[in-house]
Amino acid sequence: MKRLMLLSLLAGCLFAGMACAPYWYKKPVYFTVQESRLNWVQIFYQADEKAPRVRCDLKNNGVVTVLEGHSVTVGDDFNIEYDKPAFGDVRKYHYTMSAKMFRDSLQVLVDVGLMKEEAPGEDTPVYPKVMVRANINHHRIEKFTFDTALIGEIRTQLFQFKMSGMVQER
């Protein structure tokens, strides 16, 4: 009788633990990106302390806006430090791509590890400083990334958007 009670108690604990699993178990987030106007990615990138800041907004199935410069407004549209000498140093580029190319760009980022949680190590360098915020297929993330493969892909995409023949400076 005691053995049956103990066994049922253990089974109950096991089932209760399985019910809570989504809250404590984080499976790797790799998925197929579906077409949605709700998908967006925002990337902040700075190669080193003296390099210009870059912000890239990808949204609405193919609208890309790239801001580049030394101004604090590259990273913060509402910054009011207008007395800084570099305040007006902002260049803005707009790029439009097809919904398929947009989805493929997001898929590459997801496949490289965009949605993985990361923590810096003791020897992690400060630069390049890369912060990513994203909502892709209702998977949300906001993080600083230190993953060299992800940073490499981000550099490639930023170069592609900036240097493409379809970029229109405004």
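Numbers here are sequence positions counted from 1. Only this structure's heavy atoms are used, side chains among them; waters, hydrogens and symmetry mates stay out.
Closest approach of Ser36 to Asn61, counting heavy atoms only: O-OD1, 3.1 Å. Of all heavy-atom pairs between Ile141 and Lys116, the closest is CD1-O, 4.1 Å. Considering all non-hydrogen atoms of both residues, Val54 and Val66 come closest at CG1-CG1, 4.0 Å. Smallest separation of non-hydrogen atoms from Gln42 and Trp40: N-CE3, 4.0 Å. Taking each heavy atom of Leu114 and Ala134 in turn, the nearest pair found is CD2-CB, 4.2 Å. When every heavy atom of Leu67 is checked against every heavy atom of Val74, the shortest pair comes out as O-CG1, 3.7 Å.
Linking Ile, Leu, Val, Met, Phe, Trp and Tyr residues whenever their side-chain heavy atoms come within less than 4.5 Å leaves Tyr127 and Val130 in two separate clusters. Hydrophobic clustering (side-chain heavy atoms under 4.5 Å, transitive across Ile, Leu, Val, Met, Phe, Trp, Tyr) groups Phe31 together with Val112. Tyr93 and Val90 fall into different hydrophobic clusters, where Ile, Leu, Val, Met, Phe, Trp and Tyr residues are linked whenever their side-chain heavy atoms come under 4.5 Å apart, directly or through other members. Hydrophobic clustering keeps Ile43 apart from Val63 (ILVMFWY residues linked when any side-chain heavy atoms are closer than 4.5 Å, directly or through intermediates).
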Between Ser71 and Arg53, is a side chain to side chain contact (heavy atoms under 4.5 Å, CB included) present by the stated rule, with each step listed?
CA-CA 8 Å; Ser71 176; Arg53 299 173 174 118; 5.7 Å; no
Using the side chain to side chain contact (heavy atoms under 4.5 Å, CB included) rule, take Leu150 and Lys143 through it: C-alpha gap first, then chi angles, then the decisive distance, then the call.
CA-CA 12 Å; Leu150 181 56; Lys143 69 176 183 175; 4.0 Å; yes
What's the verdict on side chain to side chain contact (heavy atoms under 4.5 Å, CB included) for Thr96 and Val64, showing C-alpha distance, side-chain angles and the deciding distance?
CA-CA 6 Å; Thr96 305; Val64 179; over 6 Å; no
Please lay out, stage by stage, how Ser105 and Gln157 fare under the test side chain to side chain contact (heavy atoms under 4.5 Å, CB included).
CA-CA 8 Å; Ser105 295; Gln157 288 200 18; 3.8 Å; yes
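With a 4.5 Å cut-off on side-chain heavy atoms, Pro128 and Ile151 count as touching. Residues Tyr30 and Met115 are not in side-chain contact: their nearest non-hydrogen atoms beyond the backbone lie 4.5 Å or more apart. Looking at Leu58 and Phe102, their side chains come closer than 4.5 Å, going by heavy atoms from C-beta outward. Using a 4.5 Å heavy-atom cutoff, the side chains of Ile154 and Leu109 are in contact.
For the residue pair Arg155 and Tyr45, a side-chain donor N or O sits within less than 3.5 Å of a side-chain acceptor on the partner. Side-chain contact, Gln34 with Asn137: no donor N or O sits under 3.5 Å from an acceptor N or O.
Side-chain atoms of Asp48 come within 3.5 Å of backbone atoms of Ala51 as a donor-acceptor pair (strictly under, hydrogens ignored). The backbone N or O of Glu68 lies less than 3.5 Å from no partner atom in the side chain of Arg55, so there is not a single donor-acceptor pair. A donor-acceptor distance shorter than 3.5 angstrom exists from the side chain of His70 to the backbone of Lys50, with no hydrogens or angles considered.
Among pairs with a residue in residues 120-140, those fulfilling salt bridge (Lys or Arg N to Asp or Glu O under 4.0 Å) read Arg133-Glu142, at least two apart in sequence or across chains. The salt bridge (Lys or Arg N to Asp or Glu O under 4.0 Å) analysis of residues 32-43, with sequence neighbours excluded, yields the pairs Glu35-Arg103.
The hydrophobic cluster containing Phe144, built from Ile/Leu/Val/Met/Phe/Trp/Tyr side-chain heavy atoms closer than 4.5 Å, also comprises Phe44, Met131, Phe146.
Note that the NE2 atom of His139 and the CG atom of Asn39 stand 10.0 Å from one another [nearest 0.5 Å]. Taking CD1 of Ile136 as the start and CG of Leu106 as the end, the distance is 4.5 Å to the nearest 0.5 Å.
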